[in-house]
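A short write-up of the structure that comes next.
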Amino acid sequence: MATANGAHLFNHYSSNSRFIHFTSRNTSSKLFLTKTSHFRRPKRCFHVNNTLSEKIHHPITEQGGESDLSSFAPDAASITSSIKYHAEFTPVFSPERFELPKAFFATAQSVRDSLLINWNATYDIYEKLNMKQAYYLSMEFLQGRALLNAIGNLELTGAFAEALKNLGHNLENVASQEPDAALGNGGLGRLASCFLDSLATLNYPAWGYGLRYKYGLFKQRITKDGQEEVAEDWLEIGSPWEVVRNDVSYPIKFYGKVSTGSDGKRYWIGGEDIKAVAYDVPIPGYKTRTTISLRLWSTQVPSADFDLSAFNAGEHTKACEAQANAEKICYILYPGDESEEGKILRLKQQYTLCSASLQDIISRFERRSGDRIKWEEFPEKVAVQMNDTHPTLCIPELMRILIDLKGLNWNEAWNITQRTVAYTNHTVLPEALEKWSYELMQKLLPRHVEIIEAIDEELVHEIVLKYGSMDLNKLEEKLTTMRILENFDLPSSVAELFIKPEISVDDDTETVEVHDKVEASDKVVTNDEDDTGKKTSVKIEAAAEKDIDKKTPVSLEPAVIPPKKVRMANLCVVGGHAVNGVAEIHSEIVKEEVFNDFYELWPEKFQNKTNGVTPRRWIRFCNPPLSAIITKWTGTEDWVLKTEKLAELQKFADNEDLQNEWREAKRSNKIKVVSFLKEKTGYSVVPDAMFDIQVKRIHEYKRQLLNIFGIVYRYKKMKEMTAAERKTNFVPRVCIFGGKAFATYVQAKRIVKFITDVGATINHDPEIGDLLKVVFVPDYNVSVAELLIPASDLSEHISTAGMEASGTSNMKFAMNGCIQIGTLDGANVEIREEVGEENFFLFGAQAHEIAGLRKERADGKFVPDERFEEVKEFVRSGAFGSYNYDDLIGSLEGNEGFGRADYFLVGNDFPSYIQCQEKVDEAYRDQKRWTKMSILNTAGSYKFSSDRTIHEYAKDIWNIEAVEIA
């Protein structure tokens, strides 16, 4: 009906329009059209008198100044005309109908008109003032849908809703047509997107840089076999937000060789050449004209690289090989890297991001500098933030450009690089602290390896200078831990510090004779080639502080020579001027464990910047009922920008009227989720049950397995009771899971399969009914989060203590009045402090206890809880189907071995978790108490706005100042 009405009303407007007038914030456009008898008329002639091309003046006010935006706010009538115009003259669909997809594109293009005016003004000011600008490089930007966020930031939600109503459509239905941009996966990407929102809102000069992934990570489907992956289709019909900059492209080189020219310079020549083309996405700030850019790179080759001769000869694959090799770089986020080709593709992605972005940044610096380029001023105009280790190649790439292309010497380039670049660490997991094969990197990026080797050698000398040669054992330990190059010989000047033994091999006895004093360490020595032509490696047992003055027979033991690696995290620390963790506990772990040796060497580099989330998307726009209540009770809408005003809710936490409104808002959000779950999964749930939610990337350390084991225990206890006993002992719960397991992460995919099997059993058990439901939401993304989080009663943040750097979903849940159950991990620690210990359900071992508990397990001293063993046996009994879960359960058993011994301490924390869940039930029964806890969670979440985080980055790391475009 809506579509039909929309088509009718749209054609009515079109057939009667001779003159369309629409306004934007500071301009108006007049389009003179010939009268059209119907929407499909093939020929139209129009003249455009558009003041968009007129010069726009941009007075600058100090930060905090108010600008009156209402004077150029379009009304519903002009927006209606603008949407109609784009539907007809910026066509993406056929002209016959005005259905929802077409309505979305036309609406988004109308919004983009307003954004373009502000966007261009922002560009113009940054160019004219030549101010220092921050550049945020990230492999992920998890943007979510843009339409509602954009019109919300422009304060045009009501006007667009009315305009679409005029055209026969509902704004919410139109917005639902937008696919989530498939540019990210989890917290890393969502944090980057929150930061961009805050940068624009706070008027800081900044841009984001990423890659334009055609197929994203993957779209998740849930079948009887668990998770299946299919390609994302978000770009299948294009994006109305992005603007291709055909005049902005840069060459990217792979492979080739490095040679020395007659001028003594190093030249990287030959190899594979592609180009990166810029696609810009506008990021509008809230109640400000500032609109910054997210610049995404797409990879291609010139048409000349298409081999026409090969194609005409029938060699079609060969003809397209160059284009295919270039384009596939931006196909998939995090392509599988178990194969050599997968590793090469990932490294190509990382280098493409770094090289294209730095070339763009340097080009902008040169353009703004004019004829007086002073490279020593580069760090005074540019701040580059590396979001985790993926953009580490920024360091050698900036060095390469400055030395090889701009003619600076090593010391000049190194000083500029270190003052420009900073690094955010997001993990303590060893696999996430990237190490690249030296051999692979040398093949793909030979010049960068030369630069990295030189940086490593400088680092070695600095370590020696710091620690001296008095304690060679300590020095060797420091060098082993801190070097960028792993499993490499020391530079000859340093190697001389370590006295090496003279070695001879007795061919008859196959023993090694040691004739000198050997320092206290075991060394692997590679001898000359044996008669097979292979190197012979022998292990020599060191004799500490002992002169060996006679022949000492040493058994000849073949030793495996470890592969040479490049440690990207170490390179980040060495090459940048700042290193920050993302939560207080995480930053302490970074200093005390992950990079302790570097912290001892350069303590001034290390900082904490606790993550944050934007209150615009995560309360104001995704939870209108709660937003209205907050505004009413705080007496202002200023809390959207000044979240400290949320704390004012504390004084009303016991107010009965507020509590009633609060519960009603929560229930209205839950009713939406009830419909959504029915549509997506087929399961029916009731809104009066507790909504217990765990939504995040599926990983063993995040312990979805602990959650589902707790549910299985709950279900088993229910089955052992009468119906009356169940109702007395348990409150109704809907347990909701969501998240993606990486396609090659087998154990994580087993967890997904297990959750869905448990849900299929419990949800069809008539004895249990609505007392317990388990639902896995497929293809979890930002848009799904915007539905689930406002409806949540309890959220699970139950990672093994010390393993979650921060988390940001915990902050979003707290903002929306959700009470949390969790460990003292990541930002949970700070959230608990702010919301109050009594308003957070705490369980589990603490970070400082983890190593001891693992050792206890390895020593065979761990005794599992009987309830935990009971759950495992219940699963093995076939209660949840015929699937064999021995490999999954086996990871929780044994005392040692890869994939065994319960590394993430599920069994250890299970008793504490079960007891804590009993306290949750008790609290939920008292709805007055529960509602007060909910209100205090929102009130205490004020600290976790990304605005606060960005202010700290701007002041402490980037040294940039805000400028408002008025």
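Just so it is clear, the model here is predicted, and its values are computed rather than measured.
- Residues Glu661 and Lys632 are paired through a salt bridge, judged by an N-O separation under 4.0 Å between the basic side chain and the carboxylate.
- In summary, Lys872 and Glu869 engage in a salt bridge, as defined by a charged side-chain N under 4.0 Å from a carboxylate O.
- If you look at Tyr913 and Phe709, their ring centroids are not closer than 6.0 Å.
- Between Arg929 and Glu838 there is no salt bridge, since none of the side-chain N atoms of the basic residue sits less than 4.0 Å from a carboxylate O of the acidic one.
- For Lys932 and Asp926, the salt-bridge test fails: no basic side-chain N is under 4.0 Å from an acidic carboxylate O.
- Salt bridge status for Arg620 with Glu637: present, with a side-chain N to carboxylate O gap under 4.0 Å.
- Side-chain N or O atoms of Ser198 include none that pairs as donor or acceptor with a backbone N or O of Ile950 at under 3.5 Å.
- Taking 4.0 Å as the cut-off between side-chain N and carboxylate O, Asp654 and Lys928 do not count as a salt-bridged pair.
- The existence of a salt bridge linking Arg733 and Asp793 is excluded, since no basic side-chain nitrogen approaches an acidic carboxylate oxygen closer than 4.0 Å.
- A side-chain donor-acceptor contact under 3.5 Å links Asn669 and Asn623.
- The existence of a salt bridge linking Glu918 and Arg867 is excluded, since no basic side-chain nitrogen approaches an acidic carboxylate oxygen closer than 4.0 Å.
- Cation-pi geometry between Arg616 and Phe621 is not satisfied (NZ or CZ under 6.0 Å from the ring centre, within 45° of the ring normal).
- Between Arg667 and Asp688, at least one side-chain N (NZ, or NE/NH1/NH2) sits under 4.0 Å from a carboxylate O, which counts as a salt bridge.
- Remark: side-chain polar atoms of Asn816 are paired, donor with acceptor, to backbone N or O of Trp618 under 3.5 angstrom.
- Between the side chains of His797 and Ser795, at least one donor N or O sits under 3.5 Å from an acceptor N or O.
- Remark: side-chain polar atoms of Asn185 are not paired, donor with acceptor, to backbone N or O of Glu140 under 3.5 angstrom.
- Salt bridge Lys591/Glu588: present, at least one basic N to carboxylate O contact under 4.0 Å.
- Checked by atom type, the side-chain pair Gln220/Tyr780 shows no donor-acceptor distance below 3.5 Å.
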